[in-house]
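Heads up: the structure comes next, in structure tokens.
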Number of protein chains: 2
Amino acid sequence: MMIAEVSEKFDVPQDTLRYYERIGLIPRVNRNKSGNRDYMEEDCKWVEFIKCMRGAGLPIEVLIEYVGLFQQGDETIETRKRLLIEQRKQLITRIEDMKKTLERLDYKITVYEQAVVQTEKTLRRPADYFCGKNSVDGN
Amino acid sequence: MMIAEVSEKFDVPQDTLRYYERIGLIPRVNRNKSGNRDYMEEDCKWVEFIKCMRGAGLPIEVLIEYVGLFQQGDETIETRKRLLIEQRKQLITRIEDMKKTLERLDYKITVYEQAVVQTEKTLRRPADYFCGKNSVDGN
DNA sequence: GCTTGACTTGGAGTTAACTCTAAGTGTTAT
DNA sequence: ATAACACTTAGAGTTAACTCCAAGTCAAGC
């Protein structure tokens, strides 16, 4: 599989694929006789894995370390496990934060919904302007 | 409330607070007689709100737009609502992605757990090296 | 045999989001 | 009244993560 296909398949720019390989975020990909990258099944799995992890916000630095450990073989299994556990912990925290923010956003939106209805009423009865700024946004 | 207290209270660096104000991410804060920022209740609410939204990954650009709309008054309520709904949508997607990644991380960790146990057994019975690299990482 | 197009490399440039610096002002403690 | 300190501003510098560029190679088609 050439870089163009891999890029297409996983929706990762070619430049990014080369960059990831260059910095050791994915193990080195074999080249064919003409020197071009030829991605094996294994390489594709790495690309997909890294894309997934990056999408969840795991820092490149940490992932480089993980790949490095992997390439050092089985003595690093324990270390890799600990690395993943630490990342899981941080990911859970981020998800919790985001859920809270989502609830807040939901609440704000319901408030805006009411405000819009209010505005529509006002438009129908333009007399009661005395309501003043019905300033939405309690933050 | 002076900038040092606000910085402390919300755990946002002073430089970041100034930066946020400069770029319009929070409305301009009043200065006292000696020209220093004096944060009112309202300003603090903005700081806290922005911190929360940034923490969930909403881009600064979008938040600047929101603040700008807010300052234009009630005619922008509908627009602000739509902006929030769009951001909510994207936030939900991000949370879903992260949850999937979390599951994957969890799975990998269980695999590593078994691998570690396996390694420990091997250490106890050093004979069966024929098991070969019990290469963890199906990605 | 020449052009076209996909690839290669190392290195430079970009973007978002801070973070720091320099030069200056005002308030407080000795 | 002078030193120490918290603040001010505009602007420069940094970091992470790409993204682009220039110069060159290789295989396929006319």
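Labels below follow one simple rule: chain letters A, B, ... track the order of the sequence lines, proteins then strands, and each chain is numbered from 1.
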Taken to the nearest whole Å, CG/B:Asn32 to C1'/C:dT27 is 10 Å

For atom CD of B:Glu61 and atom C1' of C:dA16, their distance in whole Å
10 Å

Could you check how far CD1 of B:Ile26 sits from P of C:dC18, rounded to whole Å?
12 Å

Expressed in angstrom and rounded to an integer, what is the separation of A:Lys33 atom NZ from D:dA27 atom P?
9 Å

Compute the ring centroids of A:Phe10 and A:Trp46, then answer whether they are less than 6.0 Å apart.
no

Residues B:Arg88, A:Leu102; criterion side-chain contact (heavy atoms from CB on, under 4.5 Å); working and verdict:
CA-CA 6 Å; B:Arg88 170 174 60 181; A:Leu102 179 59; 3.5 Å; yes

Quick one: does NZ or CZ of B:Lys108 land under 6.0 Å from the six-membered ring centre of A:Phe49, within 45 degrees of the ring axis?
yes

Hey, what are the protein-to-nucleotides 6-11 of chain D N/O distances that come in under 3.5 Å?
from, atom 1, to, atom 2, distance (Å)
D:dC7, OP1, B:Ala4, N, 3.2
D:dC7, OP2, B:Gln14, NE2, 3.3
D:dT8, OP1, B:Arg37, N, 2.7
D:dT8, OP1, B:Arg37, NH1, 2.8
D:dT8, OP2, B:Arg18, NE, 2.8
D:dT8, OP2, B:Arg18, NH2, 3.3
D:dT8, OP2, B:Arg37, NH1, 3.2
D:dT8, O5', B:Arg37, NH1, 3.3
D:dT9, OP1, B:Arg31, NH1, 2.5
D:dT9, OP2, B:Arg37, NH1, 2.9
D:dT9, OP2, B:Arg37, NH2, 2.7
D:dG11, N7, B:Arg22, NH1, 2.9
D:dG11, O6, B:Arg22, NH2, 3.2

Rounded to whole Å, please give me the gap between NZ in B:Lys51 and P in C:dC18.
11 Å

Can you tell me the distance, in whole Å, between the CD1 atom of A:Ile64 and the C1' atom of D:dT15?
14 Å

With respect to the phosphate group of C:dC20, does any side-chain polar atom (N or O) of B:Tyr19 fall under 4.0 Å of OP1 or OP2?
no

Rounded to whole Å, please give me the gap between CZ in B:Arg54 and P in C:dA16.
12 Å

B:Tyr20 six-ring centre to B:Lys51 NZ/CZ under 6.0 Å and within 45° of normal
no

Atom-to-atom span, CG of B:Leu17 to C1' of C:dC18 - whole angstrom:
12 Å

When you look at A:Met2 and A:Asn32, which way does the side-chain contact (heavy atoms from CB on, under 4.5 Å) test go after all the steps?
CA-CA 10 Å; A:Met2 298 293 96; A:Asn32 62 17; 3.9 Å; yes

Is the backbone N or O of B:Ile3 less than 3.5 Å from a side-chain atom of B:Ser7, with the two atoms forming a donor-acceptor pair by type?
no

